[in-house]
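Worksheet: one structure, shown below.
Each ligand, and each atom within it, is numbered from 1 in the order the structure gives. Keep in mind that this is a model prediction, so the values were computed, not measured.
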Amino acid sequence: MLNDLENMGFPDGKRYSSFVGYFRRKYGERLQKIVLDAGFTCPNRDGKVGRGGCTYCDNAAFHPSYSTSGKSLHQQMDEGIEFHKVRYRNTEHYLAYFQSFSNTYAPLGRLKVLYEDALSHPQVVGIVIGTRPDCVDEEKLDYLAELAKSHIVIVEYGIESCYDVTLKRINRGHDFETARHAVTMTAQRGIDVGAHFILGLPGESRQMMLDACALINDLPLRSVKFHQLQIVKGTRMEQDYAESPGDFERFALDEYLDFFVDMLERLRPDLYIERFAGEIPPRFVTETPWGLIRNAELLRLLDRRLEERDTWQGRLICQKK
Ligand code: SF4
């Protein structure tokens with residue numbers, strides 16, 4: 001079976017392109033990301049683009065306790081390394097993950113100071129920068145391309161949906177074309193580009209989400225992350241859901257596994273899958289319909305479902321190699 005999977009273009013023994021596997025093969029080791037809060041804000045909160053932010057956003061729900069902007073980046077790195085040491089005993093090198101808010105939303109001079117400070121940590125070999133597609137320009141990307149000649153540099157855009165009607169409803173403050181432009185500008189400079197999408201946003205049917213795979217396939221992305229929509233307490237999304245629950249596709253775990261397999265069948269096979277689901281700590285969300293399930297278990301269930309259905313990434317859009 002392993003040989004079959006390799007022949008199909010999946011060298012990591014999975015039925016999809018695994019981002020973890022890609023990293024191991026490319027860099028020869030496992031690299032753990034350490035989440036940093038570098039004190040950025042977001043133009044969709046401070047009034048430059050909008051106020052109030054995306055309707056689902058509560059940044060506190062998305063970052064770990066060691067990462068707070070009152071600490072220096074090196075202190076956050078050291079505490080993050082300590083935090084992950086139990087689970088990843090053999091990890092020697094790390095990626096500094098600028099995750100909180102919009103991590104290119106500052107003048108270039110400030111960005112250089114922050115990124116280079118993180119890279120000066122003795123165990124850091126690269127940076128991952130999470131940002132909005134409307135927070136990059138040619139100058140910033142030229143600098144990142146230069147940096148990428150000597151370090152691992154990945155830019156990760158929050159795209160969330162391929163549909164402008166959805167982006168408007170969730171108050172993203174940018175459209176899909178802006179995302180396409182940012183991804184293209186980044187990839188043209190040889191920088192690895194990832195993107196994040198949410199499955200289950202209001203107004204999107206399952207068919208719309210499946211159809212979006214063609215749009216995702218057309219973007220020059222190296223990797224993608226998907227999350228099922230989780231409704232964070234106190235957000236405007238919570239209110240939207242209370243008022244119009246019928247506008248939301250909600251997935252039981254078993255259904256989501258099948259749905260994500262349907263997505264995988266439509267995604268081009270060379271697109272690395274970094275994440276297909278995720279759990280926000282229970283204290284932040286209105287419900288935990290999947291119980292408390294760890295990412296490793298979710299990945300195991302996905303592998304099993306792909307096997308049960310004898311299918312693989314890209315099966316519906318290209319021929320078996
Ligand atoms: S762009 Fe990110 S940080 Fe800004 S409001 Fe939206 S989810 Fe929150």
Self-check item: F23-Y272 aromatic ring centre distance below 6.0 Å
Solution: no

Self-check item: Per-atom contacts, ligand 1 versus R132 - under 4.0 Å to a heavy atom
Solution: 1 (S)

Quiz item: Are D258 and R309 close enough for a salt bridge, meaning some N to O gap below 4.0 Å?
Solution: yes

Quiz item: Salt bridge or not for D12 and R24, using N-O below 4.0 Å?
Solution: no

Quiz prompt | For atom 2 (Fe) of ligand 1, the option (of E160, R172, H196) bearing the nearest heavy atom | solution = R172

Quiz prompt | Spacing of OH belonging to Y105 relative to CG belonging to D134, to within rounding of 0.5 Å | solution = 9.0 Å

Practice problem: Determine, for Y241 and R250, whether the Lys NZ or Arg CZ falls below 6.0 Å from the six-membered ring centre while staying within 45 degrees of the axis. | Solution: yes

Quiz item: Centroid-to-centroid, F197 to F226, below 6.0 Å?
Solution: yes

Quiz item: What are the atoms of ligand 1, with element, lying closer than 4.0 Å to any heavy atom of C54?
Solution: 1 (S), 5 (S), 6 (Fe), 7 (S)

Quiz item: Do any N/O/S atoms of C57 come under 2.8 Å of atom 8 (Fe) of ligand 1?
Solution: yes

Quiz item: In ligand 1, which numbered atoms sit nearer than 4.0 Å to a non-hydrogen atom of G53?
Solution: 5 (S)

Quiz item: Is it true that some N/O/S atom of C42, main chain or side chain, lies under 2.8 Å from atom 6 (Fe) of ligand 1?
Solution: no

Quiz prompt | Sub-4.0 Å atoms of ligand 1 with respect to non-hydrogen atoms of F101 | solution = 3 (S)

